[in-house]
J.: 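Before we start, here is the structure in question, set down as structure tokens.
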Amino acid sequence: MPDGQLEPRISAEQIQLRIAEMGRAIGQDFPEGGRRLWLVAALKGACLFQADLARAIDRDTALGFVRAVSYGAGTESSGSVMIVNELHDNIANADVILVEDIVDTGRTARVLLDHLAAHGPRTLRLASLLDKPSRREMPIAIDYRGFEIADEFVVGYGLDHAESYRNLPGISVLQL
Ligand code: 5GP
């Protein structure tokens with residue numbers, strides 16, 4: 001069962017307004033009539049963001065899924081990232097956007113971007129709802145970024161703590 005105190009940070013309305021802007025920007029960068037556009041979500045955290053972002057893009061968009069886990073307990077990851085669900089779609093020569101919930105140290109995004117790059121997409125970009133730049137351990141270019149946040153542990157809108165809180169419509173800081 002969930003425990004800890006929630007302190008609201010980003011409201012559901014703010015999230016949806018920002019996603020509408022991100023969807024418009026992606027639609028302008030990849031207009032209909034070009035190649036197939038794939039949104040590949042990093043499970044589990046990015047599933048809600050992917051669903052809303054896809055509906056904010058005014059063109060045909062394909063959906064894919066990958067999952068990486070990083071080993072470590074609690075709110076700190078240990079640093080070793082392993083892909084547990086590989087991509088099973090053919091994205092060769094397509095335009096591909098990796099959809100992340102949050103880029104923290106950048107290790108997960110690095111591993112997943114390398115995994116997708118090995119499938120031979122024509123273009124590969126990164127969309128992340130949240131960015132914690134103060135924690136970065138390696139340079140990661142975020143092409144479509146929702147919000148920059150401080151070094152705080154957040155939950156909601158797909159982000160969990162021990163599998164709780166993912167279905168909250170907004171994002172809150174969790175004080176344990
Ligand atoms: P990175 O590999 O960039 O350090 O971490 C990325 C992953 O760590 C995210 O996909 C997410 O699962 C987890 N993570 C990092 N910061 C937070 C946070 O503030 N809240 C939650 N719930 N997960 C986080």
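Quick caveat: nothing in here was measured; it's all calculated off a predicted structure. Just so you know, ligand 1 is whichever comes first in the structure, and atom 1 is the first atom listed for that ligand.
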J.: My understanding is that only residues two or more places apart in sequence, or in another chain, count here; which of them pass side-chain hydrogen bond (donor to acceptor under 3.5 Å, both in side chains) with Glu32?
T.: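 With neighbours one apart ignored, the set is empty.
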
J.: With a 4.0 Å cut-off on heavy atoms, is Arg135 touching ligand 1?
T.: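 Arg135 does not count as a contact of ligand 1 under the 4.0 Å cut-off.
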
J.: Does any N/O atom on His161 come nearer than 3.5 Å to any N/O atom on ligand 1?
T.: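 No, there is no polar N/O contact under 3.5 Å.
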
J.: For ligand 1, which atoms, with element, lie under 4.0 Å from some heavy atom of Arg107?
T.: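 Near Arg107, meaning under 4.0 Å from one of its heavy atoms, ligand 1 has 2 (O), 3 (O).
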
J.: Could you list which atoms of ligand 1 come closer than 4.0 Å to a heavy atom of Glu152?
T.: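 Counting atoms of ligand 1 from 1, those under 4.0 Å from Glu152 are 19 (O).
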
J.: Below 4.0 angstrom, N of the basic side chain to O of the carboxylate: do Asp58 and Arg24 qualify?
T.: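 Arg24 and Asp58: not salt-bridged.
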
J.: Please check this pair: side chain of Asp160 against backbone of Arg166, looking for a donor-acceptor N/O pair closer than 3.5 Å.
T.: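 Looks like no, no N/O pair under 3.5 Å.
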
J.: Which of the atoms of ligand 1 are close to Leu159, meaning less than 4.0 Å from one of its heavy atoms?
T.: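 Within the 4.0 Å cut-off of Leu159, ligand 1 contributes 21 (C), 22 (N), 23 (N).
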
J.: Do any N/O atoms on Val155 end up under 3.5 angstrom from N/O atoms on ligand 1?
T.: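 No: no nitrogen or oxygen of Val155 is under 3.5 Å from one in ligand 1.
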
J.: Is any side-chain N of the basic residue among Arg9 and Glu152 closer than 4.0 Å to the acidic one's carboxylate O?
T.: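 Yes, charged N to carboxylate O under 4.0 Å.
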
J.: Taking atom types as modelled and ignoring hydrogens, do the side chains of Asp95 and Thr123 form a donor-acceptor contact shorter than 3.5 angstrom?
T.: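 On atom types as modelled, these side chains qualify, holding a pair under 3.5 Å.
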
J.: I'd like to check which ligand 1 atoms, numbered from 1 as shown, lie under 4.0 Å from a non-hydrogen atom of Thr105.
T.: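 Selected atoms, number and element: 1 (P), 2 (O), 3 (O), 4 (O).
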
J.: Counting heavy atoms only, which part of Asp101 comes closer than 4.0 Å to ligand 1: side chain, backbone, both or neither?
T.: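 Within the 4.0 Å criterion, Asp101 contacts ligand 1 through side-chain atoms alone.
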
J.: Determine, for Glu163 against Lys44, whether the closest basic-nitrogen to carboxylate-oxygen distance falls under 4.0 angstrom.
T.: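 Yes.
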
J.: Looking at ligand 1, does Arg136 have a heavy atom less than 4.0 Å from it?
T.: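 No; Arg136 lies far enough from ligand 1 that no heavy-atom distance drops under 4.0 Å.
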
J.: Considering only heavy atoms of Val154, which atoms of ligand 1 have at least one such atom less than 4.0 Å away?
T.: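 Close to Val154: 18 (C), 19 (O), 20 (N), 21 (C), 22 (N).
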
J.: OG1/Thr105 to CE/Met138 distance, rounded to the nearest 0.5 angstrom?
T.: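 Interatomic distance, Thr105 OG1 to Met138 CE, rounded to 0.5 Å: 6.0 Å.
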
J.: Hey, does Gly106 sit under 4.0 Å from ligand 1 if you only count heavy atoms?
T.: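 Within the 4.0 Å threshold, so yes.
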
J.: In terms of side-chain geometry, is the basic nitrogen of Glu137 or Arg135 positioned less than 4.0 Å from the acidic oxygen of its partner?
T.: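 Looking at Glu137 and Arg135, the cut-off is not met.
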
